[in-house]
Amino acid sequence: MEAARETAEFADEPQQHTHDETLVHDSSVDHKGKLPLRASTGVWKSSLFIIAIEFSERLSYFGIATSLIVYLTKAMHEDLKTAARNVNYWTGVTTLMPLFGGFLADAYLGRYSTVILSTVIYLLGLSLMTLSTLVPKLKACGSEICNKPRKVHQVLFFTAIYFISVGTGGHKPSLESFGADQFDDNHPEERKQKMSFFNWWNSGLCAGVILGVTVIVYVEDHLGWGIAGVILTSIMALSLAVFLFGSSVYRYRVALGSPLTPLLQVAVAAFRKRNLAYPPHSSDLYEVQTADRFQARLLSHTKKLKFLDKAAIIEEGGNSDENRGPWRLATVTRVEELKLILNMIPIWIVSLPFGIVVAQSSTFFVKQCLIMDRKIGSSFIMPASSMFCLAALGMIVFVVIYDRLLVPFLRKTTGNERGITILQRIGIGMVFSFMTMIVAAVVERKRLGLLKNDPTGGSAGAMSVFWLAPQFIIIGIGDAFGLVGQQEYFYDQVPDSMRSLGIAFYLSVSGASNFVSSWLITIVDNITRKSGGHSWFGVDLNTSRLDNFYFLLALIVAVDLCVYVFLARRYTYKSVQKTTVGACSDADAPDPSSAAPDPSSAV
């Protein structure tokens, strides 16, 4: 039942096409502005160019992000709390900026143009960062030993990384949605390939992460951030050239103006007609088809948030033109699009604790690595940030297993084209995030126990950094479910005209989570200092109680998971009408009352 509920979107789509099947009729165009040829545009032949530039961006981002807390504490001499707070703020801004970039892409610039513009800004940020760490007079301390960095270095370095934030803000939502746009939802084979696209997109992403946290971090530790900056800037410039080379095989979507205006019009129209009686049947609500080939698909009527349906009630009498204006009358599809956005808000909120757990992997997890035994063999010392590659490897391996083994099996078992529903996948990721915090807390408590028994040697000599491997691997598997599931959810369940903003909503979960993580650290620091006299966050990890903080996060995730299951069981997925003409009928929409719970019993 539940599988049928989510796949209603696909089942309700036209099964017979009168269009020429050699052309793509999903509102996209080719580089000449004409209908794209199916055989020579889109799908994997174009997606590979897009994944290539994503590889480059993730290489740069994680090469910087995973070592940023180390650079701030060692080169710029910030204490642990200040450095963690600065990293969280920067990461938060980086992952919230896509809301602005996604809006620009959907409303005005188009996704292709936004990718190019944001990549140029990204390159500018990388260039400034390289200068601030390579030119002697712009370095933090120069050749002399100092306890405080030069002001010019602080200004230039932070300006550079926030330029990278702005570049990421346009790059991330536009590129991923542009990649997914290469697959036609109305074509059965391409629709299945799109479901695999998000899995392989994340595999390419993780390949960039692995090289970023190994090769780039090694260069930063042994050759300096300046040399690493030169490498990253060169690779980003090369990837931009590769992306431009594939321009002739891409499928493009035309920006049609602000996607937010129609949603506001629905709200205003519903308020204006709040006193009108509901029609006896939903088929009496207003719907219309245009001959515009860029028109989005029509959505089926749903029974939730019924007060918004009043926006689609056709008024009798009065000024006919005024009554049919966009601020007075909305189509059922527009009403359903607003419902989709409103239904996303609770899911977005309960996704935050998962993002808070993920945030620890680039801050406190890395600091733990830094003070443990990182020797491999007799002389090689592994960079602390390189442990992050275990999370990326865990994600890559499990994405392959999931896509190639689990999905085909689950498709036969559940009848769902995805294998399991999107919200089930996210819920399983939350379970893995809970497990991550429990394992991390137990390992940290063991490390503190060794330190107590041997204050001089401590964990640096007695405890290998590979004790942290389980928590990195588990969060990597959790990402394969949770993060990829969130990408699918926020891309698939938004209105068709808001796909870039949909990816931005997904990224904003991570951004908001980093801010909440920073606020949570401050709150816990103040409470524990006042109540016991000793904060859980000391000047370093040896005087801190990260184990208690990790247990607290596990408790938060456990409570949040219960709320998530409650919401997911009552969620109604987007449903596309069977036809693109005629009246709207509840028969075309999945019945919420008969739908089985979501997520599954596995969650």
Side-chain angles (χ1 to χ4, degrees), residues 10 13 17 19-32 34-59 110-112 115-116 119 171-211 238-253 392 395-408 411 417-419 422 425 480 483-485 487-488 491-492 496 499-500 502-503:
F10 306 121
E13 292 180 3
H17 303 275
H19 296 303
D20 182 357
E21 283 298 306
T22 62
L23 300 175
V24 179
H25 299 272
D26 65 348
S27 77
S28 61
V29 297
D30 63 14
H31 67 291
K32 296 179 180 179
K34 300 178 180 179
L35 287 177
L37 282 170
R38 191 177 300 278
S40 59
T41 64
V43 292
W44 295 112
K45 68 177 68 65
S46 58
S47 297
L48 294 178
F49 291 104
I50 297 168
I51 291 175
I53 194 170
E54 172 65 9
F55 165 84
S56 171
E57 192 276 333
R58 291 292 87 181
L59 174 74
R111 290 155 197 168
Y112 175 78
V115 170
I116 295 174
T119 304
H171 193 281
K172 286 295 291 177
S174 306
L175 189 65
E176 187 167 356
S177 56
F178 186 60
D181 286 345
Q182 305 306 306
F183 301 87
D184 181 6
D185 276 324
N186 298 318
H187 190 273
E189 187 59 35
E190 289 193 19
R191 187 168 64 236
K192 287 184 178 180
Q193 289 176 339
K194 178 184 278 191
M195 295 173 192
S196 293
F197 166 76
F198 288 103
N199 293 325
W200 293 105
W201 167 273
N202 282 279
S203 296
L205 178 154
C206 286
V209 172
I210 291 172
L211 289 179
L238 178 61
S239 69
L240 177 59
V242 171
F243 178 75
L244 293 172
F245 181 76
S247 297
S248 62
V249 296
Y250 297 144
R251 296 174 186 172
Y252 303 85
R253 299 294 177 99
M395 186 175 183
I396 288 177
V397 171
F398 208 82
V399 159
V400 173
I401 293 173
Y402 180 81
D403 189 73
R404 293 302 181 188
L405 299 179
L406 289 181
V407 170
R411 279 174 178 165
E417 279 192 308
R418 286 188 171 89
I422 303 176
R425 186 170 185 171
L483 288 185
V484 180
Q487 288 173 12
E488 283 193 80
Y491 177 87
D492 185 74
D496 291 354
R499 289 290 175 66
S500 294
I503 296 298

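Keep in mind that this is a model prediction, so the values were computed, not measured.
- Without hydrogens or angle criteria, S174 side chain to H171 main chain gives no donor-acceptor distance under 3.5 Å.
- Atom CD1 of I210 and atom CG of L59 lie 11.5 Å apart (nearest 0.5 Å).
- Of the inter-residue distances, the one linking N202 atom CG with E176 atom CD reads 6.5 Å to the nearest 0.5 angstrom.
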Practice task
Take R38 and V24 through the test side chain to side chain contact (heavy atoms under 4.5 Å, CB included) and record every step on the way to the result.
Solution key: CA-CA 6 Å; R38 191 177 300 278; V24 179; 4.0 Å; yes

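- Salt bridge annotation for R499-D185: present, with a cationic side-chain nitrogen under 4.0 angstrom from a carboxylate oxygen.
- Between L35 and D30, the shortest heavy-atom contact is O-OD2, 4.0 Å.
- In this structure, the side chains of F183 and K192 stay at 4.5 Å or more apart for every pair of heavy atoms.
- For the pair A180 and F197, the tightest heavy-atom approach, listed with the atom from each and the gap, is N-CE2, 3.6 Å.
- L175 has its side chain within reach of W201: a pair of non-hydrogen atoms, C-beta onward, lies under 4.5 Å apart.
- In this structure, the side chain of Q182 engages the main chain of F178 through a donor-acceptor pair within 3.5 Å.
- A salt bridge is absent between D184 and R251; no separation between the charged side-chain nitrogens and carboxylate oxygens falls under 4.0 Å.
- The shortest heavy-atom contact between I50 and G179 is CD1-CA, 3.7 Å.
- Taken from OH in Y112 to CD1 in I116, the straight-line distance is 4.0 Å, to the nearest 0.5 Å.
- Considering only heavy atoms from C-beta on, R418 stays 4.5 Å or farther from R425 through its side chain.
- Residue D492 holds its CG atom at 7.5 Å from CZ of F198, rounded to the nearest 0.5 Å.
- For the pair V484 and Y402, the minimum side-chain heavy-atom distance is 4.5 Å or more.
- Between A52 and S239, the shortest heavy-atom contact is O-CB, 4.5 Å.
- Between the side chain of K172 and the main chain of I503, no donor-acceptor pair closer than 3.5 Å is present.
- R111 forms no cation-pi arrangement with Y250, by the criterion of a distance under 6.0 Å to the ring centre and an angle within 45° of the ring axis.
- When all heavy atoms of T41 and P36 are compared, the pair lying nearest together is OG1-CB, 3.4 Å.
- Rounding to the nearest 0.5 Å gives a distance of 8.0 Å between OG of S56 and CG of L238.
- For the atom pair CZ (R58) and CG (L211), the distance works out to 14.0 Å, reported to the nearest 0.5 Å.
- Closest approach of F55 and G204 over heavy atoms only: CD1-O, 3.7 Å.
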Exercise for the section: Could you give me the CA-CA distance, side-chain angles and deciding distance for E488 and K194, then say whether side chain to side chain contact (heavy atoms under 4.5 Å, CB included) is met? Expected result: CA-CA 10 Å; E488 283 193 80; K194 178 184 278 191; over 6 Å; no

